[in-house]
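Read the structure below first, then the notes.
Numbers here are sequence positions counted from 1. This one's a predicted model, so the numbers in the text were calculated from it and none came from an experiment.
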Amino acid sequence: MTDLSATVGAVWRQESARIVAGLLRLVRDVGLAEELAQDALVAALEQWPVTGIPDNPGAWLTTTAKRRAVDHIRRSRNRERLAPDLARPPEPTEDDVLRLMFTSCHPVLPTEARVALTLRVVAGLSPAEIARAFLVSEQVIAQRIASAKRTLAEAGVAYEPSAQLSSVLEVVYLIFNEGYAATSGTDLIRADLCLEALRLGRMLAGLAPDQAEVHGLVALMEIQQSRSAARTGPAGEPIPLHEQNRGRWDQLLIRRGFAAMLRAREAGGPPGPYVLQAAIAVCHVEEKTDWVRISALYQALERLLPTPVVRLNRAVAVAFAYGPQAGLDLLDELHADPQMANYHLLPGVRGDLLIRLGRLTEARGELERAASLARNTAERDFLLRRAAALDVPEKQGRLLGPSVAEFLAPLSPATARAYGQTLHRVARLAGDRTPLADLTPTRLAEISALSWPDVSPRTWNRHLAAIRSFSTWSGEPSLAAALRPRPLPTAPADPSEPGPEPVAGTAGTPALRERALWSLLRESAAKVGAVLALNVEDLNLDDRSARDGTIVWRSGTAGLLPDLIAGRTRGPLFLSDRRPGPGRPPAPADLCPDTGRRRLSYERAAYLCKRTTGYTLDRLRSRTPPG
């Protein structure tokens with residue numbers, strides 16, 4: 001039975017994308033197509049031990065899945081409408097698989113959902129396998145996949161390949177990068193993700209042979225993967241590229257990378273981001289690394305992708321080509337970029353360049369700061385060992401990280417949690433091992449500006465309170481001298497004025513919902529819970545009242561409610577943005593029978609209100625217009 005299960009698993013891994021893709025053409029729904037394919041897999045596990053493995057197991061699974069799709073269509077009474085599709089040959093085409101890849105990577109989905117859905121329906125991985133790869137719970141992955149399927153169905157993009165190729169390439173690239181340099185956990189490399197990304201990339205190259213960027217991505221992954229055996233030492237520690245044993249590089253993968261690069265050039269057109277990155281990878285595997293050419297390629301890449309990470313990589317290349325000071329000058333331009341505030345490679349690279357310049361004390365501080373930001377255990381240990389190996393005097397006095405822990409220890413759990421969110425972030429960005437005496441008001445102001453540039457005044461003032469309390473406790477109250485509280489929004493002069501209004505959203509009409517809620521609170525002065533508990537059937541629009549006149553409103557609300565109801569006759573008046581997940585079904589009274597969405601919760605309403613207007617719900621309620 002174990003051998004049979006392994007065989008079925010291998011067949012599923014190879015054939016699942018084609019099966020789901022063929023079903024997608026029939027049922028127009030990714031979630032349903034994947035469920036029908038899973039039904040066929042279950043049937044195989046039940047029947048093959050008795051009948052034996054068929055000569056063509058992939059065709060058996062495809063036929064069984066299609067029969068289930070036909071049964072479903074018949075039960076749904078849609079056979080006549082879909083008759084032309086049912087007349088098509090049962091075997092899925094390569095175009096179907098390409099369509100499935102485009103659908104699972106559609107830009108309407110958030111990035112994490114795209115990655116999870118692609119690994120599920122295209123790569124055939126189980127939620128448990130995906131969860132292990134990304135070090136999250138299986139429930140999290142299941143929720144992402146379920147949410148992605150629901151979003152695709154609601155957006156109507158489950159069949160037509162309307163996504164752009166760049167979105168598909170981005171997902172494959174993200175999967176490979178997570179395997180090549182794991183962001184968290186104890187292992188630097190997750191080989192299963194690298195190999196799965198390579199398989200997806202090779203499949204995509206076969207389906208879209210005339211796309212240079214597809215071949216460029218495959219070339220990049222082949223060459224990067226060729227170095228996997230030489231990238232870590234005996235204890236799993238990372239080995240920098242220029243220190244790796246080239247004899248351990250996989251020459252077959254390098255040749256495959258070169259072949260993919262040739263296909264990219266044959267496809268023609270100006271080089272895109274993946275072709276340029278592949279060209280950089282090619283330079284690294286040549287006998288003598290041409291850093292001048294690499295720095296020029298990064299400059300061209302920066303014109304296409306002007307991101308901080310590309311500029312960081314360019315600084316490394318410039319440092320090798322023209323000297324560490326030239327690279328350090330480029331790095332200093334990134335110092336104030338909020339996107340790089342938590343990126344451990346910025347201080348890590350800076351530490352390397354400072355070592356080459358002989359500025360060892362500064363280098364040690366940068367390496368220790370990089371270690372405090374690193375989420376991967378192998379990288380963090382490696383950075384700490386490098387810092388400790390530098391011949392510089394030990395730091396004297398109290399260190400920031402231990403001092404924060406000492407300050408939080410005697411506080412109540414709630415206060416420690418609230419203050420800790422602020423102070424642990426400061427310690428990470430400044431460096432846990434930074435002496436308190438070296439932390440200046442200017443540096444603390446820089447960290448605060450990078451960490452909380454756009455938060456509301458109330459949130460900023462909470463962070464400021466934590467910083468000031470710690471500064472006073474540490475005996476350095478002047479540390480917070482450069483930080484100032486932000487004034488809270490003032491109430492409108494006219495109580496009938498609504499104050500700031502939300503900005504219209506992109507999904508449905510959330511701005512209308514918020515305006516109607518806040519107008520009803522102001523005009524009725526009813527309790528927030530009572531207003532959120534209103535159902536459509538409770539309303540008397542002609543009398544501008546609800547629940548037998550216990551809640552009344554005026555013209556402002558009266559002008560908004562008909563559009564908010566939008567023809568509904570029952571169910572909650574104020575609805576959430578999305579349908580509930582399968583793991584937490586709401587009570588029937590809190591579910592709209594027309595839209596499938598649940599009642600807007602008090603917590604969500606409070607969050608939207610504070611974020612958009614600066615007021616609490618109770619404060620809006622108290623702003624009652626004069627009679």
Side-chain angles (χ1 to χ4, degrees), residues 164-167 169-170 172-174 176-177 180-181 201 211-227 231 240-244 254 257-258 260-357 366 370:
Q164 295 193 3
L165 179 64
S166 60
S167 181
L169 295 175
E170 178 190 20
V172 177
Y173 184 59
L174 287 173
F176 182 81
N177 272 355
Y180 189 74
Q211 297 293 327
E213 279 290 86
V214 175
H215 296 298
L217 176 58
V218 173
L220 173 63
M221 294 190 297
E222 300 276 15
I223 295 174
Q224 297 283 70
Q225 182 64 13
S226 73
R227 299 196 291 264
R231 291 185 59 232
L241 177 61
H242 61 280
E243 297 178 9
Q244 291 174 14
I254 292 175
F258 283 0
M261 193 64 180
L262 287 175
R263 287 192 289 272
R265 291 173 179 170
E266 290 170 357
Y274 296 107
V275 171
L276 286 174
Q277 290 180 76
I280 292 169
V282 168
C283 290
H284 281 301
V285 298
E286 292 175 349
E287 186 174 350
K288 184 177 180 181
T289 305
D290 188 347
W291 286 106
V292 173
R293 174 166 171 72
I294 291 174
S295 64
L297 288 170
Y298 269 121
Q299 190 171 14
L301 180 62
E302 188 179 352
R303 286 194 290 269
L304 295 178
L305 292 177
T307 66
V309 174
V310 172
R311 287 195 287 271
L312 172 65
N313 288 327
R314 181 188 165 210
V316 174
V318 167
F320 277 101
Y322 305 107
Q325 187 58 55
L328 198 60
D329 293 339
L330 290 178
L331 285 184
D332 288 341
E333 297 175 6
L334 298 174
H335 190 68
D337 193 319
Q339 296 183 55
M340 303 297 282
N342 288 308
Y343 195 49
H344 70 285
L345 289 183
L346 177 58
V349 170
R350 199 169 187 278
D352 283 337
L353 299 185
L354 289 170
I355 290 174
R356 292 170 58 186
L357 290 170
E366 290 294 301

- Task: For Leu312 and Tyr343, run side-chain contact (heavy atoms from CB on, under 4.5 Å): C-alpha distance rounded to whole Å, both residues' side-chain angles, the deciding distance at 0.1 Å, then the answer.
- Result: CA-CA 11 Å; Leu312 172 65; Tyr343 195 49; 3.5 Å; yes
- Task: Under the side-chain contact (heavy atoms from CB on, under 4.5 Å) rule, what do Gln211 and Leu169 come out as? Steps first, then yes or no, please.
- Result: CA-CA 11 Å; Gln211 297 293 327; Leu169 295 175; over 6 Å; no
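For Pro324, the side chain to side chain contact (heavy atoms under 4.5 Å, CB included) partners at least two apart in sequence or on another chain are Leu353, Arg356, Leu357. Under the side chain to side chain donor-acceptor pair (under 3.5 Å) criterion, Gln225 pairs with no residue at all, not counting sequence neighbours. Qualifying side chain to side chain contact (heavy atoms under 4.5 Å, CB included) partners for Ala341, counting only residues two or more places apart in sequence or in other chains: Leu429, Leu450. For Tyr298, the ring-ring contact (aromatic ring centres under 6.0 Å, His included) criterion is met by no residue, not counting sequence neighbours. Listed by chain and number, the residues in a side chain to side chain donor-acceptor pair (under 3.5 Å) with Arg314 are Glu302 (sequence neighbours excluded). Residues passing the side chain to side chain donor-acceptor pair (under 3.5 Å) test with Asp332 are Arg350, sequence neighbours excluded. Residues satisfying the side chain to side chain contact (heavy atoms under 4.5 Å, CB included) criterion with Glu243, sequence neighbours excluded, are Ile239, Pro240. Partners of Asp329 under the side chain to side chain donor-acceptor pair (under 3.5 Å) rule, at least two apart in sequence or in another chain, are Gln325. Remark: Leu297 engages Leu276, Ala279, Ile280, Cys283, Arg293 in a side chain to side chain contact (heavy atoms under 4.5 Å, CB included) (not counting sequence neighbours).
For the pair Met261/Val275, a side-chain contact is recorded, criterion being any heavy-atom separation below 4.5 Å from C-beta on. Taking 4.5 Å as the limit, some side-chain heavy atom of Phe258 sits within range of a side-chain heavy atom of Val285.
Distance CZ/Arg311 to CG/Leu301: 11.5 Å, rounded to 0.5 Å. Note that CD of Glu170 is 11.0 Å distant from CG of Leu217, once rounded to the nearest 0.5 Å. Atom CG in Asn313 sits 12.0 Å away from atom CG in Leu330 (nearest 0.5 Å). The CG atom of Asn177 sits 8.0 Å away from the CG atom of Leu220 when rounded to the nearest 0.5 Å.
The two atoms that bring Val214 and Gly201 nearest to each other are CG1-O, 4.4 Å, heavy atoms only. Of all heavy-atom pairs between Ala315 and Leu331, the closest is CB-CD2, 3.7 Å. Nearest heavy-atom pair, Pro273 versus Leu304, reported as atom, atom and distance to 0.1 Å: N-CD1, 3.9 Å. The two residues Gly216 and Ala278 have their closest heavy-atom pair at O-CB, 3.4 Å. Across Ile223 and Gly257, no two heavy atoms sit closer than the pair CG1-CA, 4.0 Å. The two atoms that bring Val218 and Ala260 nearest to each other are CG1-CB, 4.1 Å, heavy atoms only.
Residues in residues 212-224 take part in these side chain to side chain donor-acceptor pair (under 3.5 Å) pairs, two or more places apart or across chains: Arg202-Glu222, Gln224-Arg227. For residues 307-327, every residue pair satisfying the ring-ring contact (aromatic ring centres under 6.0 Å, His included) rule, not counting sequence neighbours, is listed here: His242-Phe320, Trp291-Phe320. Residue pairs meeting the side chain to side chain donor-acceptor pair (under 3.5 Å) criterion with at least one partner in residues 264-285, sequence neighbours excluded, are Tyr173-Gln277.
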